Undergrad: 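Pasting in a structure now, in structure tokens, and then I'll have a few things to ask.
All values below come from the heavy atoms of this structure, side chains included, with hydrogens, waters and symmetry mates left out. Lettering follows sequence order; numbering is per chain, from 1. Note that this is a predicted model, so its numbers are computed, not measured.
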Number of protein chains: 4
Amino acid sequence: MQKTLETTKKRSTTTRKLRSDALRNRERILEVAKGVFTRQGANASLEEIAKQAGVGVGTLYRHFPTRDELIEGVYRNEVEKIAAAAARFTETMSPIEALRAWMLLLVDYIAAKHIIAPALNTIAGGPSRLHEGSRAMIQSAIDGLVKRAKRSGDLRRNLDAYDLLRALIGVSHVGSGSDWQQSARRLVDILIAGSRPLK
Amino acid sequence: MQKTLETTKKRSTTTRKLRSDALRNRERILEVAKGVFTRQGANASLEEIAKQAGVGVGTLYRHFPTRDELIEGVYRNEVEKIAAAAARFTETMSPIEALRAWMLLLVDYIAAKHIIAPALNTIAGGPSRLHEGSRAMIQSAIDGLVKRAKRSGDLRRNLDAYDLLRALIGVSHVGSGSDWQQSARRLVDILIAGSRPLK
Amino acid sequence: MQKTLETTKKRSTTTRKLRSDALRNRERILEVAKGVFTRQGANASLEEIAKQAGVGVGTLYRHFPTRDELIEGVYRNEVEKIAAAAARFTETMSPIEALRAWMLLLVDYIAAKHIIAPALNTIAGGPSRLHEGSRAMIQSAIDGLVKRAKRSGDLRRNLDAYDLLRALIGVSHVGSGSDWQQSARRLVDILIAGSRPLK
Amino acid sequence: MQKTLETTKKRSTTTRKLRSDALRNRERILEVAKGVFTRQGANASLEEIAKQAGVGVGTLYRHFPTRDELIEGVYRNEVEKIAAAAARFTETMSPIEALRAWMLLLVDYIAAKHIIAPALNTIAGGPSRLHEGSRAMIQSAIDGLVKRAKRSGDLRRNLDAYDLLRALIGVSHVGSGSDWQQSARRLVDILIAGSRPLK
DNA sequence: CATGAATGAGTCTTCATTCAT
DNA sequence: TATGAATGAAGACTCATTCAT
């Protein structure tokens, strides 16, 4: 997508297949994989993914030697976007608002791509090191938001951010009625209300 | 007609396979399947399950012609226990305590056997009719508890029981640290606190 | 259950379940088997046949210890009817008419129940001894008819009856259009015309 | 025909396994399959065929995703040869001789490879579309021959070519005695004699 | 580097056949 | 004798993974 045009014309004379080709492939694969995993679960056929991405299986294997590495690639991509949002919200909103907004975003996100949470358990080997990195990113995001809200007195000081995270992820698993958005919003409000100082 | 004497007597010693053999097998299979699905996910090898249950594959297939029927069997079994608990708690505890106890139980339960929630999504075809029945049982359980707590004034009247359910199920998906129990307890408290009347 | 007490002595009055029970079963099985083989081919599931006949597999096996014996049973049954027709026609029709009628009957018959001819080849082991007996019956039927027609001068003396048989059986194998009957009739006429004395 | 001259060019020297590796495999499979089907019937083990062809099952499946496609492949191959013969005979023989020769050829052919006719019925789903194409080829072959013989006055004008076909196919189904060839010859003669104009 | 043909292990699934009741 | 549960061998089919081109 970003790639703008260019591609063919000049380029050093000899380079028939420059490495941007590889990059493009890598991205294509990740993009497709996200969709396929979302739809078919973490055991989806790699050949299928390769085909949809318009490359041979071999190519897919070159980029991601194992299934787990592919999943991790997808995963990391997505997580980065979420983490970025946390930073953005922190800069532009009040502590409690930022937290609330981010929680809603997360719920939305998870709802859309079931890979994120399912992957955590499905992958052979439990909650595994596979996602350690990604999980850390998310955790640090919510940690920051929660700490900030604690400081401003909007949340109980003994609140555990990770507990919130757990509850949020759950929302994605009961399947989504048409009232999805509403339910999520209500749930987030309950969680925030339940996290306020007792006063 | 002296009882059925004879029949019982001399056979008692030799009776290797009573007619309830089939029943026993069925239960054995369900028992084993629960464990295997919990550990290996919903795609576990049926042959493996049969072997662990000490029966031939054929027998497993006789009882559960499709994988889904087996999963449903396991599922239903478990769900019934949970629903039963809701009834029990309702009779022996105060509204809010009953709800709290049940929520904790559910969290425990889901944490122990990942089949329950994962199954919801994993099975081809989305949240599918496969679990409709079971889901209904759980939903009706929490509905009952919540309604009761609303009547006693312990919960906001505009609370959606299903929202709570969603949050609870989520707890099972982030994987379990050693602080699992604690986290669950805290989360349940947050949810209940957030569900209280606004005063 | 069946207990079949005392079949030996004076059963006449009390005979609850005499061995006609077994006979009835045997016939039921043959009847059903004919249908199933006709529809599903010679490899049809024996369990299926047993179920449709309303008996357990075990019972089927008692009567027909091997699949081949069952097929042969079906086969023999059918063949007898055809052979009987040859005799009947011989008594009531002119030589050439009898032959013609019988040929048409055979074609009809084969068309209706594909077991007869297919079985000849399908069964593992080639044209096998399995049908020797049955084949002999048919062959002798047509032999009789043909000889009679030769004597009356309606057919060439050097005609081989078996050749006719071969041609007839074939008719059943091209599948049946709606013009089945017509085609058969024309074919029979061609064969007879081609078998006439050279004048 | 295929000749596809010179696409290769500079690769010629090193090409150990030219891209026609796949092609060779495909042909090997067809060749073997013909034999196995002929001997063991249309339900023969595909794994067996793969092994005999010296390829993995996977390869067989790549080329022929379903059993029917494999059968069709074999079938088509054979049928083409027969159709070709019809054309050849037409060019080199008198009408009646061409027809006679072709009929004998067909009988021979069917006798040798039982797949051809059996396949017609065995395949699940009746005479099915699977062979539509092939059947058409044969039918058109005999149609041509018959029409030509009608025009030359050697055959009755109201003769149905398909009737002849039916009779011929049948010859393959009674199994083959040692007098096979003779019987076939006689039968063909009967059919032709019976198809002559009545004069 | 990319490709996709080949491979074969792993599962699923069906049935013939046996055997305890 | 009749029954049908149990068994396991056999075959179908799918995919992850390798490797020659």
Undergrad: Is the side chain of D:Arg26 donor-acceptor paired with the backbone N or O of D:Phe64 at a distance under 3.5 Å, no angle test?
TA: no

Undergrad: Hey, is the side chain of D:Asn25 poking within less than 4.0 Å of OP1 or OP2 on E:dA6, counting only N and O atoms?
TA: yes

Undergrad: On a heavy-atom basis, which atom in D:Ile29 and which in D:Leu60 lie closest, and how many Å separate them?
TA: CD1-CA, 3.8 Å

Undergrad: Rounded to the Å, how far apart are D:Asn43 CG and F:dA10 P?
TA: 17 Å

Undergrad: Rounded to the nearest 0.5 Å, what separates atom NZ in B:Lys51 from atom OG in B:Ser45?
TA: 8.0 Å

Undergrad: Heavy atoms from C-beta onward define the side chain here; which of F:dA16, F:dG11, E:dT13 lies closest to that of B:Glu47?
TA: E:dT13

Undergrad: To the nearest 0.5 Å, what is the distance between CZ on B:Arg62 and CG on B:Asn25?
TA: 11.0 Å

Undergrad: Between F:dA16 atom P and A:Phe64 atom CZ, what is the distance in whole Å?
TA: 16 Å

Undergrad: Using heavy atoms to find the nearest nucleotide of DNA chain E for A:Gly56 and D:Gly58 separately, return the residue whose nucleotide is more 5′.
TA: A:Gly56

Undergrad: Does any nucleotide pair with F:dT21 by Watson-Crick or G-U wobble geometry, both distances under 3.5 Å, and what is it?
TA: E:dA2

Undergrad: Nearest whole Å is fine: how far is F:dT3 P from C:Tyr61 OH?
TA: 15 Å

Undergrad: In this structure, how many angstroms lie between the C1' atom of E:dT18 and the CG atom of C:Leu60, rounded?
TA: 14 Å

Undergrad: On DNA chain F, nearest-nucleotide positions of B:His63 versus A:Glu48: which is more 5'?
TA: B:His63

Undergrad: Starting at the 5' end of DNA chain E and moving along, which residue's nearest nucleotide shows up first, D:Val55 or A:Gly54?
TA: A:Gly54

Undergrad: Rounding to an integer number of Å, can you tell me how far C:Leu70 CG sits from E:dC15 C1'?
TA: 15 Å

Undergrad: For D:Glu69 and F:dA12, what is the distance between atoms CD and C1' respectively, to the nearest whole Å?
TA: 15 Å

Undergrad: Does C:Ala44 reach a base, just sugar-phosphate, or nothing at all? Heavy atoms under 4.0 Å.
TA: sugar-phosphate

Undergrad: It should be established whether D:Arg67 places a side-chain nitrogen or oxygen under 4.0 Å from OP1 or OP2 of nucleotide F:dA12.
TA: yes

Undergrad: Please confirm whether the shortest side-chain N or O distance from B:Arg62 to OP1 or OP2 of F:dG4 is below 4.0 Å.
TA: no

Undergrad: Hey, could you give me the CZ/CD distance between D:Arg28 and D:Glu31, rounded to the nearest 0.5 Å?
TA: 10.0 Å

Undergrad: For F:dA12, give the paired nucleotide (Watson-Crick: N1-N3 plus N6-O4 or O6-N4; G-U: N1-O2 and O6-N3; both under 3.5 Å), or none.
TA: E:dT11

Undergrad: Please report the interatomic distance NZ(A:Lys34) to CG(A:Leu30), rounded to the nearest 0.5 Å.
TA: 9.5 Å

Undergrad: Considering only the P atoms, how many Å lie between E:dC1 and F:dT21, rounded to the nearest integer?
TA: 22 Å

Undergrad: With respect to the side chain of A:Thr59, which nucleotide from E:dA9, E:dA16, E:dA2 is positioned closest?
TA: E:dA2

Undergrad: Please report, rounded to the nearest Å, how far the C1' atom of F:dT3 is from the CG atom of C:Leu46.
TA: 16 Å

Undergrad: For B:Leu23 and E:dT21, what is the distance between atoms CG and P respectively, to the nearest whole Å?
TA: 15 Å

Undergrad: Taking only side-chain N and O atoms of B:Ser45, does any of them lie within less than 4.0 angstrom of OP1 or OP2 on E:dC12?
TA: yes

